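Worksheet for the structure shown next.
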Amino acid sequence: MYEWLKAFHIIAIIAWMAGMLYLPRLFVYHCEAEPGSKQSETFKVMERRLLKAIINPAMIATWALGLWLAWEGGLNRAGWLQAKVLLVLALSALHGFFVRWVRDFAADKNQHSAKFYRIINEIPTVLMIGIVLLAVLKPAWRGL
Ligand code: HEM
């Protein structure tokens with residue numbers, strides 16, 4: 001059972017991360033499209049579908065399966081897990097900003113430059129590296 005949960009946790013993570021890495025790329029290209037143009041309208045559809053069909057459900061599944069694993073494994077007091085959850089919270093907050101930016105683009109009210117989204121694009125990568133290192137290496141901290 002535990003190994004099955006872990007496998008589906010990893011499948012959900014791959015789907016979530018694929019979306020979290022691709023969506024800011026779409027924002028970069030969307031910035032270069034004239035508001036109201038056919039291209040801009042196509043980006044709106046792509047962004048909405050990616051968010052609704054992939055990113056949102058994959059985030060919920062990652063959280064649900066991760067918490068279930070922590071419950072099953074009695075790992076809720078492990079220091080690496082607490083640190084990991086902090087980084088996952090940061091990733092989830094970024095997800096919240098993505099939702100806002102998809103809405104801004106949909107209303108032709110984007111406030112940011114392509115350069116801004118290029119920089120934002122690096123954040124999920126950095127967070128993911130930290131989360132995976134914590135999950136796999138499980139470093140032990142004194143007192144935790
Ligand atoms: C708050 C949400 C999350 C919780 C509570 C959580 C919790 C857990 C737990 C308890 C395990 C099992 C550890 C083990 O028995 O080896 C696990 C495995 C794993 N998690 Fe998460 N997780 C969450 C989100 C994430 C995210 C967002 C990522 C990646 C970006 C991630 C990456 C992994 C990986 C790679 C493993 C496999 C580790 C191994 O087999 O050694 N988790 N997670």
Side-chain angles (χ1 to χ4, degrees), residues 1-33 35 39-144:
M1 172 71 169
Y2 190 83
E3 299 305 317
W4 278 96
L5 284 178
K6 194 144 86 173
F8 282 101
H9 181 55
I10 292 169
I11 292 166
I13 291 159
I14 290 172
W16 188 21
M17 289 312 306
M20 292 294 286
L21 295 170
Y22 187 41
L23 190 57
R25 271 275 115 205
L26 285 179
F27 292 156
V28 171
Y29 300 135
H30 200 158
C31 281
E32 282 147 20
Q39 214 183 9
S40 169
E41 295 306 307
T42 306
F43 281 128
K44 287 182 191 177
V45 175
M46 290 170 80
E47 286 155 3
R48 193 183 64 239
R49 289 202 181 139
L50 185 63
L51 187 68
K52 297 256 155 94
I54 311 272
I55 307 184
N56 287 346
M59 181 194 72
I60 293 165
T62 301
W63 266 95
L65 291 162
L67 292 172
W68 194 352
L69 277 167
W71 177 262
E72 286 279 328
L75 296 166
N76 51 324
R77 296 179 62 178
W80 65 266
L81 187 56
Q82 290 168 5
K84 180 181 157 181
V85 170
L86 271 184
L87 295 187
V88 181
L89 280 172
L91 195 62
S92 307
L94 187 63
H95 183 143
F97 280 105
F98 283 7
V99 172
R100 191 157 110 194
W101 295 330
V102 166
R103 284 193 195 134
D104 286 351
F105 271 115
D108 291 323
K109 286 186 178 148
N110 169 47
Q111 314 265 343
H112 304 289
S113 64
K115 192 173 169 210
F116 172 82
Y117 292 117
R118 264 198 199 99
I119 295 165
I120 290 293
N121 207 175
E122 305 303 325
I123 301 175
T125 313
V126 173
L127 289 172
M128 178 195 64
I129 292 169
I131 295 167
V132 171
L133 290 179
L134 285 167
V136 175
L137 302 176
K138 301 180 177 57
W141 281 285
R142 208 185 294 267
L144 286 172

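Each ligand, and each atom within it, is numbered from 1 in the order the structure gives. Owing to the predicted nature of the structure, the values given are computational and were not obtained by experimental measurement. Residues: numbered from 1 along the sequence shown.
- Within 6.0 Å of atom CD in Gln39, 12 or fewer heavy atoms from other residues, nucleotides or ligands are found, so the atom counts as exposed in its surroundings.
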task: Dump the intermediate steps for side-chain contact (heavy atoms from CB on, under 4.5 Å) on Trp63 and Val88, then the final yes or no.
output: CA-CA 9 Å; Trp63 266 95; Val88 181; 3.9 Å; yes
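- Of all the atoms in ligand 1, the ones that sit under 4.0 Å from a non-hydrogen atom of Trp16 are 27 (C).
- The proximity of Leu81 to ligand 1, defined as any non-hydrogen pair under 4.0 Å, is limited to the side chain.
- Nearest protein heavy-atom neighbour of atom 14 (C) of ligand 1: Tyr2 OH, 3.4 Å.
- When the heavy atoms of Leu67, Ile10, Leu89 are ranked by distance to atom 37 (C) of ligand 1, first place goes to Ile10.
- Across every non-hydrogen atom of Pro124 and Leu94, the tightest pair is CD-CD2, 3.6 Å.
- Side chain of Lys52 to main chain of Arg49: no donor-acceptor pair is present (N/O by atom type, distance under 3.5 Å, no hydrogens or angles).
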query: Yes or no on side-chain contact (heavy atoms from CB on, under 4.5 Å) for Phe43 and Cys31, after CA distance, side-chain angles and deciding distance?
result: CA-CA 10 Å; Phe43 281 128; Cys31 281; over 6 Å; no
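- Protein heavy atom in closest approach to atom 10 (C) of ligand 1: Ala70 N, 3.4 Å.
- At the top of the distance list for atom 16 (O) of ligand 1, counting protein heavy atoms only, stands Lys138 NZ, 2.8 Å.
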Distance-only check: which donor-acceptor pairs under 3.5 Å involve side-chain atoms of residues 21-30, not counting sequence neighbours?
residue, atom, partner, partner atom, Å
Arg25, NE, Asn121, OD1, 3.2
Arg25, NH1, Tyr29, OH, 3.4
His30, ND1, Glu47, OE1, 3.2
His30, ND1, Glu47, OE2, 2.7
His30, NE2, Ser40, O, 3.4
His30, NE2, Ser40, OG, 3.1

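- Classification of the Phe8-Trp4 ring pair by plane angle, with boundaries at 30° and 60°, yields parallel.
- Residue Trp68 places its CH2 atom among 12 or fewer non-hydrogen atoms of other residues, nucleotides or ligands, all under 6.0 Å distant.
- Atom 21 (Fe) of ligand 1 has His9 NE2, Lys84 NZ as protein N, O or S atoms under 2.8 Å away.
- Heavy-atom distances between Trp80 and ligand 1 reach below 4.0 Å in at least one pair.
- Counting heavy atoms under 4.0 Å from ligand 1, residue Trp68 does not touch it at all.
- Of the N or O atoms in Lys6, one or more lie within a sub-3.5 Å distance of an N or O in ligand 1.
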Ile13/His9 under side-chain contact (heavy atoms from CB on, under 4.5 Å): CA gap, chis, key distance, verdict: CA-CA 6 Å; Ile13 291 159; His9 181 55; 3.6 Å; yes
query: Between Asn110 and Trp101, is a side-chain contact (heavy atoms from CB on, under 4.5 Å) present by the stated rule, with each step listed?
result: CA-CA 7 Å; Asn110 169 47; Trp101 295 330; 5.7 Å; no
